[in-house]
Structure formats: structure tokens, C-alpha cells
Amino acid sequence: MSELRDTRLEKAEQLRQAGHNPYAYSWKSTHSAAELQKKYADLENGTEVEVEVAIAGRIMNRRVFGKLAFFTIQDETGTIQLFLDRKKIKAAMGEENPEAFGQLKNLTDAGDFIGVRGSVRRTDKGELSVSADHYEILTKSLLPLPDKWHGLTDVEKRYRQRYVDLIVNPDVRETFRRRAKITAGIRQYLDAEGFIEIETPVLQTSAGGAAAKPFVTYHNATEMEMYLRIATELHLKRLIVGGFEKVFELGRIFRNEGVSTRHNPEFTSIEIYQAYADYDDMMALTETLVVDAAEKVIGTLEIDYQGEQINLQAPWKRITMHDAVKEATGVDFAALDDLDAAKAAAKEAGIHGCGDMASIGKILNEAFEQKVEETLMQPTFITDYPVEISPLAKPHRSKPGLVERFELFIVGRETANSFSELTDPVDQRQRLEAQAAAKAAGDEEANDVDEDFLTALEYGMPPTGGLGIGIDRLVMLLTNSPSIRDVIAFPLMRPEKAAEAEAE
RNA sequence: GGGUCGCUAGCUCAGUGGUAGAGCAUUCGGCUUUUAACCGACUGGUCCUGGGUUCGAAUCCCAGGCGACCCA
């Protein structure tokens with residue numbers, strides 16, 4: 001290991017001795033690899049074009065003969081072969097550096113960055129190449145690349161050393177390129193619709209807006225405990241109170257929870273708030289945003305996700321939570337008004353863990369999570385949730401005990417969440433106080449009463465539709481990624497070596 | 001939190017109680033049409049860590065670490 005490194009350090013030193021800085025300052029390319037491949041796609045085998053092009057990239061593979069060498073280099077767009085002929089290089093560089101070809105042969109390795117200038121030719125064997133007359137080593141790499149054939153497959157190393165993963169796995173680069181396209185596309189669409197993005201605080205003295213356990217931190221100067229945000233909801237609503245009518249924020253959220261294929265403690269959400277809209281309007285917006293993203297990124301609405309064929313063509317199925325649970329279990333919780341009867345019916349239907357639940361709404365939700373959620377492969381809006389599990393949503397205009405809320409499920413996963421937002425400050429205070437009581441009773445996911453948010457509501461918030469979309473899960477869907485870690489560049493990992501036992 | 005599986009050379013992997021291996025990469029030699037180049041020679045090890053059993057442990061046992069998947 002260190003011998004490999006020492007050898008390369010020695011090569012870097014030899015380059016310095018020969019007057020070449022192995023860590024160059026800049027390079028001007030005329031084309032990318034993909035541009036050359038496209039421009040000369042029709043060039044015939046064994047022919048050369050007398051143009052002077054310049055290109056740079058990382059050496060991925062070297063095939064060296066006595067007086068001829070072929071390097072495959074990779075830039076962000078793809079790969080192209082370098083055709084390195086001793087005679088040609090000597091003719092062009094020999095006066096200044098008689099050792100130019102020898103240095104190329106002996107002092108470069110797979111992993112180095114190189115810049116070349118030369119003509120374009122397609123070899124007899126059909127490989128488009130830059131036939132170099134000049135080259136410059138731009139960066140000397142000290143560590144070996146993974147096996148050129150098997151690549152890097154160890155998932156732990158792929159996540160810990162994502163830079164190596166990105167070097168050798170082109171599909172990983174493609175995933176993050178798509179991720180960027182998705183977020184850019186969403187912003188583009190919302191901008192065109194007159195929404196503005198406003199950044200709200202990550203550090204908060206009261207973490208609200210979702211049922212989740214926050215990370216706790218401390219601000220020295222003000223000597224106060226602070227929380228990392230678990231949602232952007234309550235501040236974006238303050239902006240609606242302030243008079244903005246279409247706002248959103250796409251950003252990082254932190255929840256102090258476990259790690260799984262669907263969860264990372266920091267993840268990305270977009271929350272969108274639109275004055276004078278309700279949850280029906282937000283359903284339409286959800287469809288538009290997802291369809292638009294799919295069209296921009298994959299160009300089709302018929303997608304494959306881990307072998308499952310998903311059709312994103314709108315309109316999507318809409319079904320109430322009560323009806324969905326009834327379909328799956330045969331139990332109509334809407335017809336039950338006795339808690340014990342509901343528990344008995346749930347147990348009968350094979351739903352476990354409802355014994356100490358305090359309301360029929362929570363049992364309904366539990367039944368949904370256990371029996372329905374993972375069956376919802378095609379995009380489905382589940383609507384009209386129990387008020388007990390929706391402290392920020394407006395009561396349903398016609399169904400007592402329910403709120404105007406929907407969640408979007410695709411491939412069995414919650415992907416979006418939306419309400420007609422609760423605007424009645426008195427009702428909101430009661431619900432938040434119930435939350436605070438639950439927290440006091442030990443519910444770590446319940447929130448405190450955010451008095452300033454209530455004050456804002458008392459100034460008056462117009463009727464508002466709110467929508468949150470899990471960006472990571474959307475990206476998973478549109479990149480056919482089985483794990484959230486595949487769409488987060490640097491997912492959370494424990495340190496490789498456990499810290500020495502700290503003083504307790 | 002529970003269960004299952006994994007951790008051996010830079011990478012990908014063999015090796016189930018008896019001298020730690022292969023391919024690729026590296027190093028050296030040869031080679032002007034290769035593309036997993038080829039031919040020849042060589043080099044490279046905290047077998048995740050710590051204990052235990054044993055004449056002897058990569059291998060068996062215990063504890064721990066890190067990771068993957070599943071479950072809660």
C-alpha cells in the first residue's frame with residue numbers, strides 16, 4: 001500500500017526534477033470527451049482529421065507498447081482514447097524535452113490527470129482517439145484506482161469514499177446528475193409559476209412542524225440550547241402571514257432517527273405554501289411537479305422501479321384513508337365510535353400494537369401503515385386523515401373528526417404530505433397544547449407550543465394550501481435507486497474506527 | 001432495539017484446525033494498432049479488534065467494532 005504510494009511520490013519528484021510541476025495550475029480544453037465522440041461519430045476507421053484539439057481528463061487505463069501507447073482518459077462527460085506515438089510526440093516536444101515520451105510511459109499512472117493537444121483520428125480498430133503531439137501531466141495521483149474490471153463494489157467503501165465510487169462508477173455520477181436536474185427542474189417550474197424561495201432558520205429554539213425527534217445543539221454566545229429544524233413549515237407559514245402568497249424552500253431537514261434504506265438523519269424536503277389554495281389544489285400541483293420532473297429527467301412516465309412498472313400518468317388514484325383501510329382489512333373504522341370496539345376489530349384484522357392507543361384515529365392510521373402503505377405501488381393520494389395525527393391541518397369541511405390532508409404514496413413509500421393549512425389560531429393553540437402535553441408525557445416526537453407561530457396566526461393567515469415532498473425519495477424513484485444512500489452523496493456513517501473510550 | 005449475513009493484498013475474491021493464495025493493479029524486462037492488450041519475472045498481508053480453546057487458529061468459542069439486508 002505505502003509502497004505503491006512511495007513509488008508515485010518518487011515519480012512526482014522525478015517530474016519536478018525534470019522541470020514539470022506534477023500539480024499544474026490550469027489547462028484549456030477545446031472539447032469534452034462527449035463532444036469529440038459526437039462531432040467525429042462518422043469518422044472512418046484508420047482516418048485522421050488535421051485539426052488541433054485539446055482535452056483533459058483522468059487516465060483510467062494504460063496500454064503501453066515500446067514506442068506507442070494508448071491511454072483511456074475520462075472527463076465528466078465520458079471517455080476517449082489517447083493515441084500516443086513516440087515519433088509524433090518527439091517531433092513536437094523533443095526540442096524542449098527529449099524525454100517526453102519516456103516520461104509519459106514511465107511517470108504516469110492510472111488515476112493521474114493529463115492534458116493533451118493533438119489531432120483527431122479513428123484507429124484501425126475503430127476507437128476514436130486524440131493523437132497527441134503535446135501533453136502535460138496536470139495532477140499526479142498517489143493512490144491506486146480500484147480494479148479496472150470489477151471496479152469498486154464494497155458498499156461500505158462506496159459510501160465512505162464516494163469520490164472513488166464516482167471515479168469508477170459512471171451510473172453513480174448519472175444519479176447525482178439526475179438529482180441536480182430534478183431539484184433544478186422543480187425550482188424552474190415554481191419560479192415560472194410565481195413562487196419564491198425563502199430560506200428559513202435551521203437553528204431554532206423550538207423545533208416544530210412535524211412529528212419527529214430533533215437534534216439538540218448549543219449556542220455559546222446566547223447560552224441557549226437550540227434544535228436543528230425538523231421541518232420548514234412553521235416559518236414558511238409566517239411568511240404567508242407576512243403577505244407572500246407563493247413561497248417554498250427546498251432544503252435540508254434533520255431528524256434524530258435511525259438509518260434505513262428509506263431514512264437518513266439529514267435529508268432534503270421541499271415545502272410549498274400557496275395562499276388561497278386548498279389540498280385539492282396541492283394534489284394537482286403534486287402531480288404536475290412529479291410528472292414534470294420525470295419528463296425532464298427520464299423523458300417518460302412509464303418507469304421501472306426495481307422491477308416494478310410504475311405509471312406516473314396523471315390523474316392519480318385518490319382514495320380516503322378510511323376506504324383504503326376498509327378495502328384492505330374489511331374493517332370500516334368510520335362506522336365505529338367505541339375505542340374498545342375499534343381495538344377489537346383491529347386485532348381481529350391482524351393489526352398488532354393497538355392495545356394502548358388512545359383514539360380510533362390512531363388505530364386507523366396504524367391499520368393503514370400495517371396493511372395498506374406498502375401495497376400502494378402506483379401513485380396514490382390517500383386523503384382525509386384523522387385529526388389526532390394531523391395537528392397543523394384544517395378540519396375537513398364536511399367530515400367530522402377528519403382533516404383536509406393527503407399523503408402521496410409511490411412504490412409503497414410516503415413521498416409527499418399536504419394539508420389545507422389550519423388557519424384558526426384558537427384551534428391551533430388547542431392542538432399544539434395537546435402536543436405539548438403528549439411531549440410532557442414522554443412522546444419524544446411531539447412538539448412544544450410555538451408561541452410566536454400562534455401570534456402570527458392571530459394576525460391572520462389567509463386560507464393556504466401546503467405541500468411537502470421528500471426529495472430523496474423522489475430521486476430514488478426517478479433514478480431506480482433501492483436505497484436512500486444511493487441518492488445522498490455523503491450518507492451518514494459511523495467513523496470507521498470507534499473513538500477511544502471517552503471519559504464518562 | 002432484535003435477527004441474518006459479511007469483513008483476507010490497493011481492487012475483486014478463494015481459502016472450514018497444519019508453511020496465507022489467485023486474477024487485476026504495482027515493480028522490472030520485451031513489444032508501433034491496443035481497448036480487461038499480450039508475453040516473461042517479481043513484489044505486496046494488523047486475515048476488522050481483543051480475549052479464549054488447542055501442540056497449532058484466517059478457520060472453532062466469547063466479547064467488541066464497522067457495514068449490508070430484514071424485522072420492530
Side-chain angles (χ1 to χ4, degrees), chain A residues 1-11 14 33 37 44-48 59-74 78-91 101-102 104-112 121-132 140-165 167-169 213 257-264 306 351-355 366 369-370 373-374 412 444 481-486 491-501:
Chain A
M1 169 63 191
S2 69
E3 286 176 32
L4 291 166
R5 188 168 170 273
D6 288 345
T7 303
R8 292 193 179 197
L9 279 171
E10 172 59 27
K11 289 178 182 176
Q14 285 183 44
Q37 297 284 6
E44 301 216 352
N45 290 4
T47 61
E48 182 158 352
I59 300 170
M60 298 304 287
N61 198 354
R62 296 170 3 112
R63 294 173 293 281
V64 180
F65 297 77
K67 295 167 186 158
L68 178 69
F70 301 92
F71 289 6
T72 302
I73 64 165
Q74 170 175 282
T79 61
I80 192 161
Q81 178 169 272
L82 304 183
F83 182 94
L84 305 161
D85 179 341
R86 187 174 83 139
K87 220 185 263 179
K88 182 167 179 176
I89 288 170
K90 190 159 185 144
F101 187 76
L104 194 60
K105 249 174 81 171
N106 297 321
L107 301 182
T108 65
D109 290 285
D112 293 352
R121 74 187 294 172
R122 192 175 291 281
T123 63
D124 298 344
K125 299 286 168 61
E127 190 72 34
L128 188 72
S129 309
V130 174
S131 175
K140 186 70 202 160
S141 160
L142 299 183
L143 297 174
L145 291 177
D147 190 291
K148 62 188 169 190
W149 186 243
H150 299 98
L152 184 70
T153 59
D154 181 316
V155 288
E156 183 172 353
K157 286 201 177 86
R158 287 186 46 226
Y159 296 152
R160 281 193 200 284
Q161 296 187 281
R162 182 69 90 181
Y163 39 90
V164 181
D165 191 27
I167 291 168
V168 298
N169 292 322
K213 192 176 168 185
E257 296 167 352
V259 169
S260 79
T261 49
R262 295 175 297 283
H263 298 87
N264 195 65
Q306 302 293 302
I351 297 141
H352 42 85
C354 295
E366 192 63 30
E369 288 183 0
Q370 287 182 32
E373 184 165 339
E374 67 184 21
E444 291 183 317
S481 298
S483 168
I484 195 169
R485 292 181 210 96
D486 296 327
L492 181 110
M493 303 284 276
R494 283 191 164 94
E496 214 164 349
K497 297 287 177 201
E500 293 301 316

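Naming convention: chains lettered A, B, ... in sequence-line order (proteins, then strands); numbering from 1 in each chain.
Contacts of Glu444(A) classified as salt bridge (Lys or Arg N to Asp or Glu O under 4.0 Å), with partners at least two apart in sequence or in another chain: Lys213(A). Applying the side chain to side chain contact (heavy atoms under 4.5 Å, CB included) test to Lys90(A) and every residue at least two apart in sequence or in another chain returns nothing. Partners of Asn264(A) according to the side-chain hydrogen bond (donor to acceptor under 3.5 Å, both in side chains) rule, which considers only residues two or more places apart in sequence or in another chain, do not exist here. In this view, Gln370(A) and His352(A), Glu366(A) satisfy the side-chain hydrogen bond (donor to acceptor under 3.5 Å, both in side chains) rule, not counting sequence neighbours. The side-chain hydrogen bond (donor to acceptor under 3.5 Å, both in side chains) check on Glu156(A) picks up Arg160(A), with sequence neighbours excluded. The side-chain hydrogen bond (donor to acceptor under 3.5 Å, both in side chains) test applied to Arg62(A) returns Thr108(A), not counting sequence neighbours. In this structure, the salt bridge (Lys or Arg N to Asp or Glu O under 4.0 Å) partners of Asp165(A), at least two apart in sequence or on a different chain, are Arg158(A), Arg162(A). In this structure, Phe71(A) has no ring-ring contact (aromatic ring centres under 6.0 Å, His included) partners at least two apart in sequence or on a different chain. Residues passing the salt bridge (Lys or Arg N to Asp or Glu O under 4.0 Å) test with Lys88(A) are Glu48(A), sequence neighbours excluded.
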Practice task
Encode nucleotides 1-6 of chain B as B, S and - characters from 5' to 3', where the letter depends on protein heavy atoms closer than 4.0 Å: B to the base, S only to sugar-phosphate, - to neither.
Solution key: ------

So which protein nitrogen or oxygen atoms get under 3.5 Å of nucleotides 22-24 of chain B's nitrogens or oxygens?
| from | atom 1 | to | atom 2 | distance (Å) |
| --- | --- | --- | --- | --- |
| rG23(B) | N2 | Asp147(A) | OD2 | 2.8 |
| rC24(B) | O2 | Asp147(A) | OD2 | 3.3 |

What's touching nucleotides 27-30 of chain B from the protein side, N or O pairs under 3.5 Å?
| from | atom 1 | to | atom 2 | distance (Å) |
| --- | --- | --- | --- | --- |
| rU27(B) | OP1 | Lys11(A) | NZ | 2.3 |

